[in-house]
Structure formats: C-alpha cells, structure tokens
Amino acid sequence: MSNVIIRASIAACGLLLGASAFAQSSTTESAPQAANDYSKPETWLCRPGRKDSCAVDLTTTVIGADGKLTKEPFQGNPNAPIDCFYVYPTVSNDETPNSDMYAGPEEHAVVRAQFARFGSQCKLYAPLYRQVTLKTLRAAMAGGAGFPADRKLGYNDVLSAWNYYLKNDNKGRGVVLIGHSQGSSVLTQLIKNEIDGKPIQSKIISALLLGTNVAVPKGKDVGGAFNHMPLCRSSSQLGCVISYVTFRSDVPPPANSRFGRVPGDGLTAACVNPASLKGGKGEMHAYLSTGSNGVSTSAAQPKPWVTGQTIDTPFVSVPGLLSGECVSNDAGSYLAITTNANPADPRTDEIPGDVVANGVVMKDWGLHLIDAHVAMGNLIDVVAQQSKAYLGK
C-alpha cells in the first residue's frame, strides 16, 4: 500500500477502536510511561492569553461567483464567555510508535486549519498528546505483526489534560468539545467514560466529533455510542453531538469505505449537517486552505481559485459554491457535498480534499481531509447560537 495513502488522517473508529488493521495486529507491551504534567505551558498547543499555535493569521479571501474578491479579516474574542477544548487528528510525523510531546509543524498547521477560528466564540484549549503516529499507522495497515503502539497513552494524556483544565481553568464555564479523526475517537472515549450521564455533562455545550463514525440507533438521536447525549437538532439545543463524515455527492462511499458505517444490528453512523441541523440540504460555509490543508500532504493540489487573479491569504471562502445534505442508504450514512459548478463564471468549479495516491483518488477516504474545513463557518455559527442559549439558560 502506498505510504501516500496512509499519510492522511485516519478516522477515529477506523483508527483506535475498530479498523481491521488494528484488530489484526497485536500491541507490544511496553513499560508504562510517566504521565504528562499539564501545568507546564509547553504541554499545550493553545491556551488563552498567550501567543501560540492559535495566534495565527486567519485572513480569508471571499470569492464571489462573479470573481469579485473581498478580504475578510479575523478577530478573536479574548473575552469569550465559553471555552473550546480540541483534540487534533493523526498528523504526527515522529518516527516512534507514539508521538513525543514536542510540537512540530504538523501540529501547528492542523490547529490553524481546524481550531484557531473558533477563537471568535470561545477561549481555546488544545493539549499536546502522545498520539498514534503516521508511521505506526503505515505499519498497522500494511498488516505487520507486533504493532508497537500504546493505544491507551494518547487517551490517558487527553484525560489528564481534561482533568487539569476542569480543576484549574474551567471555573464553571460552558465548554465545546472539538475533535477530528483520531482526536474524535479519543473524545468519544472521554465522553463515554467521564461525561455521559454524569454531573459534568451540564457544562458541555456540545461535542463536535468530526470525521468519525459515532453509532446511533437507526431513526433515533440517542443511544449507541452515548446514552445521554443526543444528536444536535437545533442551534439552541445543549449537551448534544454533531458528527459526520464527508463524501462528494457524486462519489458515494464504496464497498470498502472506512467511513459512514458502524458494526451492530440496528445501528447507523450519525450524520448531522451543520448547515441544516434539522435535516435537508444547506449551504456550506467553508473555509478552505489555499495551500496545504493542514491535515495531510496527500491531498490533490488546488487549481486556481479564480481566473486571472492571485490569492494571497491563507484561506478562501466560496459562498454559494458548496451545499451539503445528510444521506443514508446502502452505501452508508454521510454528509454528501455538492459543488454547484458554473463553468461560465470565473470562480473555480472544483475544490480539493480527496486523498490521492499515484494520481488516483482514493474514494474510500471521501473528503476526510476537509471534514472540518467544509463546514467551518457553519460550525462556528452553531457554537455562537449554542453559547447564547447556554448563557441564557
């Protein structure tokens, strides 16, 4: 299998809890590693009140269908009344089975792409953790025996960071949990073990578990992965979950897809459309990276965003170009993204986001690399409304 394929961030349930590569490989026992001390500033990628991975340029060029360009500056809110706690996806290029606690360019980049923009609504907390690395995943997915990763290490790090945050930083504030891929897997376990049905759930505004397969009973919003945290169906609903995996509407999940399906009779993968929580189609308010997507170098490179003009910002927004709708069929349960192309206008009719190996799109990955990007503006709008509901309750 090409290493290019595996450099992509792998979805949570297909990563730590259910992928065949993990199920077929054994875990090498190693001596327990010392717990991280999350009182140390260097154990956090983002914390309020300092210059760190979240203090980055998020300026966006808004590209109209007519080709008109408008600069959209970003302004964080240092006095935001709620918090956001983020666990990032599989990005570490460390050569060890589990990553170290030194942030590399890949950790900084994914925070910029997936999390920093939430600083308009909340104070930002993002711990470093000793995640399963890309090198480890390559070995696992190649079917090698003696898979040496400590799959509990990353979870225990995030648990320690969460407990430190609750004890020292939360001070009774509402908090949004945000994760993607491996990060969503870790947060799913954290919710199951520490939050679901417990007093602390009253502080959870919502959980955004992106790029993972969260199990729910067919036709229901609660049960399966969580017993007390339902799927979000309105922007005033609190203590709920938004989860989805993305595929192009004209390229549905193939039979070998790692996303959009869960094991178990009567269960399905949750799909909540951030652009239309009640269901149906909605316009996606995407913030797309103009260079690397921040999640993987394995994506197809973007084509020119607009004919005859240069984009000089790290992000673009393309109003009206993308729409999304949750679809449930024999292929799976997923957020289908439609590009509303118009060849007659000067704006691009294509968005990058596919995993590509040797020039071939890997359809089983869908748009996993831009799960967060494609709905970033919608997610931020939902969090803004949920924050108002939480503060007004």
Side-chain angles (χ1 to χ4, degrees), residues 38 41 43-58 60 72-89 107-108 110-129 158 161-180 183-184 186-187 190-191 194-195 200-210 229 232 234-243 272 274 277 285 287 294 315 371-373 375-393:
Y38 282 97
T43 59
W44 295 85
L45 287 162
C46 300
R47 285 183 60 82
R50 67 182 199 178
K51 297 293 183 181
D52 55 24
S53 301
C54 283
V56 290
D57 180 15
L58 299 174
T60 299
E72 178 186 287
F74 174 80
Q75 182 63 52
N77 181 4
N79 299 313
I82 64 168
D83 298 336
C84 286
F85 186 95
Y86 169 69
V87 185
Y88 51 91
E107 283 89 1
H108 297 303
V110 77
V111 165
R112 183 186 201 179
Q114 293 189 341
F115 184 57
R117 199 173 293 274
F118 284 93
S120 64
Q121 305 301 326
C122 49
K123 293 186 176 181
L124 302 176
Y125 294 85
L128 273 167
Y129 72 107
V158 173
W162 173 247
N163 285 333
Y164 179 86
Y165 159 78
L166 289 179
K167 181 178 179 181
N168 298 280
D169 299 308
N170 177 261
K171 304 184 189 308
R173 294 158 58 91
V175 57
V176 179
L177 302 175
I178 304 171
H180 180 245
S184 289
V186 172
L187 283 177
L190 183 77
I191 292 169
E194 305 292 329
I195 297 171
I200 190 59
Q201 184 179 327
S202 66
K203 299 299 180 187
I204 304 300
I205 294 174
S206 60
L208 314 183
L209 305 178
L210 315 180
M229 289 185 65
C232 296
S234 81
S235 58
S236 62
Q237 186 179 358
L238 301 174
C240 57
V241 176
I242 293 176
S243 184
V272 176
L277 297 178
H285 185 179
Y287 283 92
F315 295 92
D371 283 325
H373 305 61
M376 180 60 66
N378 308 101
L379 291 167
I380 290 170
D381 289 344
V382 170
V383 168
Q385 294 303 312
Q386 288 178 326
S387 175
K388 292 179 181 179
Y390 179 85
L391 296 170
K393 69 178 183 178

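All values below were derived from every heavy atom in this structure, side-chain atoms included, with hydrogens, water molecules and symmetry-related copies excluded.
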The test is side-chain contact (heavy atoms from CB on, under 4.5 Å); show your working for E194 and I200 and say whether it passes. CA-CA 8 Å; E194 305 292 329; I200 190 59; 5.8 Å; no
Can you check side-chain contact (heavy atoms from CB on, under 4.5 Å) on R112 and L58, steps first, answer last? CA-CA 8 Å; R112 183 186 201 179; L58 299 174; 4.0 Å; yes
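- Shown here are the salt bridge (charged side-chain N to carboxylate O under 4.0 Å, His left out) partners of D83, two or more places apart in sequence or in another chain: R173.
- Annotation for L391 and P81: closest pair CD1-CG, 3.4 Å, computed over non-hydrogen atoms.
- Legend: residues meeting ring pair (Phe, Tyr, Trp, His ring centres under 6.0 Å) with Y164, ordered by chain and number and at least two apart, are absent.
- The side-chain heavy atoms of Q121 and I205, taken from C-beta on, include no pair separated by under 4.5 Å.
- The structure places CG of N378 at 9.5 Å from CD1 of I242, a figure rounded to the nearest 0.5 Å.
- Rounded to the nearest 0.5 angstrom, K203 NZ and I82 CD1 are separated by 13.0 Å.
- Of all non-hydrogen atoms in P48 and K123, the two that sit nearest each other are CG-CB, 3.8 Å.
- For the atom pair I204 CD1 and C240 SG, the distance stands at 11.0 Å (nearest 0.5 Å).
- Between D371 and Q114 the shortest side-chain heavy-atom distance does not fall below 4.5 Å.
- Among all heavy-atom pairs drawn from M229 and A207, the shortest one is CE-CB, 4.3 Å.
- S206 and Q386 share a side-chain donor-acceptor pair at under 3.5 Å.
- Closest approach of D52 to R50, counting heavy atoms only: OD2-NE, 2.7 Å.
- Residues satisfying the salt bridge (charged side-chain N to carboxylate O under 4.0 Å, His left out) test with R47, not counting sequence neighbours, are D169.
- For the pair F74 and G119, the tightest heavy-atom approach, listed with the atom from each and the gap, is CZ-C, 4.2 Å.
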* **Check against side-chain contact (heavy atoms from CB on, under 4.5 Å), F115 and H180** => CA-CA 10 Å; F115 184 57; H180 180 245; over 6 Å; no
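- For the ring pair (Phe, Tyr, Trp, His ring centres under 6.0 Å) with W44, the lone residue among Y165, Y38, Y86 that qualifies is Y38.
- Below 30°, between 30° and 60°, or above 60°: for F85 and W162 the angle between ring planes is above 60°, a perpendicular geometry.
- Remark: Y390 engages no residue in a ring pair (Phe, Tyr, Trp, His ring centres under 6.0 Å) (not counting sequence neighbours).
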Is there a side-chain contact (heavy atoms from CB on, under 4.5 Å) between V176 and C122? Walk through the geometry before answering. CA-CA 8 Å; V176 179; C122 49; 5.7 Å; no
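- In this structure, P274 and A375 approach most closely via the heavy-atom pair CG-CB, 3.9 Å.
- Taking SG of C232 as the start and CG of L208 as the end, the distance is 7.5 Å to the nearest 0.5 Å.
- In this structure, CG in L45 is found 11.5 Å from CG in L124, a value given to the nearest 0.5 Å.
- Qualifying ring pair (Phe, Tyr, Trp, His ring centres under 6.0 Å) partners for H108, counting only residues two or more places apart in sequence or in other chains: none.
- Taken from CG in L190 to OG in S184, the straight-line distance is 12.0 Å, to the nearest 0.5 Å.
- Residues forming a ring pair (Phe, Tyr, Trp, His ring centres under 6.0 Å) with F118 (at least two apart in sequence, or on another chain): none.
- Taking the six-membered ring for Trp and thresholds of 30 and 60 degrees, Y129 and Y88 have ring planes inclined between 30 and 60 degrees apart.
- Within the 4.5 Å cutoff, the side chain of I178 has no heavy atoms near those of the L379 side chain.
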